[in-house]
Amino acid sequence: MATDTLKSTSSADSATGGLRRLLLDNGALTALIVLVIAMSALSGDFLTTDNLLNVGVQAAVTAILAFGVTFVIVSAGIDLSVGSVAALSATVLAWSATSHGVPVLIAVLLAVVTGIAAGLVNGFLIAYGKLPPFIATLAMLSVARGLSLVISEGSPIAFPDSVSHLGDTLGGRLPVPVLVMVVMGLLAAFVLARTYIGRSMYAIGGNEEAARLSGLRVKKQKLAIYALSGVFAAVAGVVLAARLSSAQPQAADGYELDAIAAVVIGGASLAGGTGKASGTLIGALILAVLRNGLNLLNVSAFWQQVVIGVVIALAVLLDTLRRKAGATPVAGASQGGKGRQAATYGLAAVVTVAIVGATSFLHNGSSSTANPKVGLSLSTLNNPFFVQIRSGAQAEAEKLGVDLTVTDGQNDASQQANQLQNFTSSGLGAIIVNPVDSDAASNSVKAADKAKIPVIAVDRGVNKASVDALVASDNVAGGELAAKSIGEKLGGKGKIVILQGQAGTSAARERAEGFAQGLKAYPGIQVVAQQPADFDRTKGLDVMSNLLQAHPDVQGVIAANDEMALGAIKALGSNAGTSVSVVGFDGTPDGLNAVKDGTLYASVAQQPSQLGKIAVDNALKALEGKKLEETIKVPVKVVTKQNVAGFTG
């Protein structure tokens, strides 16, 4: 009897220990299963074929970048430049193919060579220049982004149609980006598990000195490792640009952090020596599922960043616990280990399907809300102007009984494309979009049109796609008014500087065009400097401070938005509003307060709250089948100290 009891206890302990070891060895997979089940239970829109394909498409670029970063992290390095290299490679392809008539195949090869060259420079600086990987790749991040802006002159370049098919679907259903992701994942897995350089990565990451003493040519291997990372970055850039139908000089900004996060979440250690392609893919899918699900649940974009940060921290903590518990390292595996791994993935798939199938009954027969549903995708919420558009839209939606979902594109055209895809797959009644870039939003709007969902553009139009209405003020006309205001204030002569918006955005281009046209009427006005300050107050302060060193006698400033104007006022100090006149753009609350104080001479106000209000009104009209005007213009107005008291915004 005692023996039987002992055996029973031992078996129970063994089963518990086995389950614990299984969860520790497959922490990322466990997390992905839990996320899928949770999102399926919380949102009836998550578990649809269209939405699951969206998740795959949205994971594709991050996953391809992350496969390349996996090579680097396994070898105990880091690559912060992959996002910028992706943008540079896509820009080189578009620039050579469209602007210089280079055959598309050769242009694609040039893009790949660009990625290899950037990787080789990184590898050379690290292996032979003895620079820390963090510093070397941080430098390349800046260089590659700068070259992308130089080549494109800060504007998107249309992508060749033959390459743009990479952003399409096969048979109208299977997304090509997902296929490219799978192919690149298989290639990464092959390199890591079956090649000499793959084994070298694990050896260098495990103990670089021991690898060197064993005869491994560590420096040459590092060159190859970073070159491989550059190749994967180039492919990711081409896929991203194909999705957006244009090469965006600011594309993939910050994607290096997502790529690193995907690798770490997938079980790789930043200390090197461990990591695998399948884990990286799971990590990228976790990030995509999180963002997709949180979008569907209408969670604030700001809280989404908090959640993703927590997930990354938990992933690193799990990695620490796994290593302390002696879990199986995720490096190369034996044939038996691979068999067990395949069985684990198969079992996980069966369990997930079973539980998700059960949770789907929660949503069967549930009655949808009687209120019409509208999605609003804003280019950014890190700017008071767009916050006011949101406020006006939300107030009108509440008044009309509309369920309004608001997302933040974070000035990232790809991020916004993902959000618009989510809107389309979740079956909203209408979509309002304020594009990050007018060209990049076209494919997403076409998909909404195909699904017969009305689309209202606000503040900026959408090129190469049909929208039901455009609610906007005229940025070019507003720029001309700003130039006229400064010209009249200075009596038609004097020295001024222009603070430009974020390079590559349509608002920055259009306002700059308006400034240039308006200043033609004042030949006595000399523009002594034009510099971008990215629509940011702090950058406006820094750029203006620098310009004052070279041009202390400046008499006027035109800024492409109020935030930069307020930064310039800070740099000017007591000269603002006295010896130097500053004109801003947007009519934000802080800008209007500065006009009242006299430090800001004028702001070209677009009445953003009205833009949001009218956009919601037209979305509801479209839902009701009413005929809309193609363009609804909200007049811009120059607000000065004389009329600011009567301006409501």
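Each of Val263, Val69, Leu65 was compared with Thr280 under the side-chain contact (heavy atoms from CB on, under 4.5 Å) criterion, and only Val263 meets it. Each of Lys626, Lys627, Lys621 was scored for a salt bridge (charged side-chain N to carboxylate O under 4.0 Å, His left out) with Glu624, with one residue passing: Lys626.
A 4.5 Å side-chain heavy-atom check between Val374 and Val616 finds every atom pair outside the cut-off. With contacts defined as side-chain heavy-atom distances shorter than 4.5 Å, the pair Asn418/Arg291 does not qualify. By the 4.5 Å heavy-atom criterion applied to side chains, Val108 and Val238 are not counted as neighbours. Looking at heavy atoms from C-beta onward, Phe423 lies out of side-chain contact with Asn295 at the 4.5 angstrom threshold. The side-chain heavy atoms of Leu628 and Ile456, taken from C-beta on, include a pair separated by under 4.5 Å. Side chains of Leu187 and Phe232 form a contact here, defined as non-hydrogen atoms less than 4.5 Å apart. Between Gln250 and Arg145, the closest side-chain pair of non-hydrogen atoms falls below 4.5 Å. By the 4.5 Å heavy-atom criterion applied to side chains, Leu296 and Thr405 are not counted as neighbours.
When only modelled atom types and interatomic distance are considered, Ser425 and Asp50 share no side-chain donor-acceptor pair under 3.5 Å.
Between atom CG of residue Asn434 and atom CZ of residue Arg460 there is a gap of 5.0 Å, rounded to the nearest 0.5 Å. Interatomic distance, CG of Asp253 versus OG of Ser84, reported as 7.0 Å (0.5 Å rounding). Remark: Gln416 CD to Ser444 OG distance equals 7.5 Å, nearest 0.5 Å. The distance from the CG atom of Leu281 to the OG1 atom of Thr70 is 10.0 Å, given to the nearest 0.5 Å. A distance of 4.5 Å separates CG of Asn54 from CD of Gln421, quoted to the nearest 0.5 Å. If you take CG on Leu376 and CD1 on Ile389, they are separated by 8.0 Å, rounding to the nearest 0.5 Å.
Checking side-chain atoms of Ser43 against main-chain N and O of Met39 turns up no donor-acceptor pair under 3.5 Å. Looking at Asn618, its side chain does come within 3.5 Å of a backbone N or O of Ile614 through a donor-acceptor pair. Formation of a donor-acceptor pair under 3.5 Å by the Gln419 side chain with backbone atoms of Asp408 is found in this model. Not a single donor-acceptor pair under 3.5 Å links the side chain of Thr62 to the backbone N or O of Ala284.
Smallest separation of non-hydrogen atoms from Tyr202 and Gly275: OH-O, 2.6 Å. Closest approach of Val72 to Ile78, counting heavy atoms only: CG1-N, 3.2 Å. Counting all heavy atoms, side chain and backbone alike, Ala447 lies closest to Thr424 at O-CG2, 4.0 Å. For the pair Ala66 and Ala259, the tightest heavy-atom approach, listed with the atom from each and the gap, is CB-O, 3.6 Å. Looking at every heavy atom in both residues, Ile453 comes nearest to Ala430 through CG2-CA, 3.8 Å. Between Val57 and Pro175 the shortest heavy-atom distance is CG2-CB, 3.3 Å.
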- Derivation and outcome, side-chain hydrogen bond (donor to acceptor under 3.5 Å, both in side chains), residues Ser81 and Asp79: CA-CA 6 Å; Ser81 68; Asp79 192 346; 2.6 Å; yes
- Determine, step by step, whether Ile157 and Thr91 satisfy the side-chain contact (heavy atoms from CB on, under 4.5 Å) criterion, reporting the C-alpha distance in whole Å, the side-chain angles of both residues, the deciding distance to 0.1 Å, and the verdict. CA-CA 7 Å; Ile157 305 175; Thr91 301; 4.2 Å; yes
- Query: Hey, mind stepping through Phe46 and Asn292 against side-chain contact (heavy atoms from CB on, under 4.5 Å) and telling me if it holds?
  - Reply: CA-CA 8 Å; Phe46 179 81; Asn292 175 271; 3.5 Å; yes
Under 3.5 Å, sequence neighbours excluded: what are the donor-acceptor pairs made by side chains of residues 461-468?
residue	atom	partner	partner atom	Å
Asn463	ND2	Asp439	OD1	3.0
Asp468	OD1	Val455	N	3.0

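With sequence neighbours left out, the salt bridge (Lys or Arg N to Asp or Glu O under 4.0 Å) criterion links Asp449 to no other residue.
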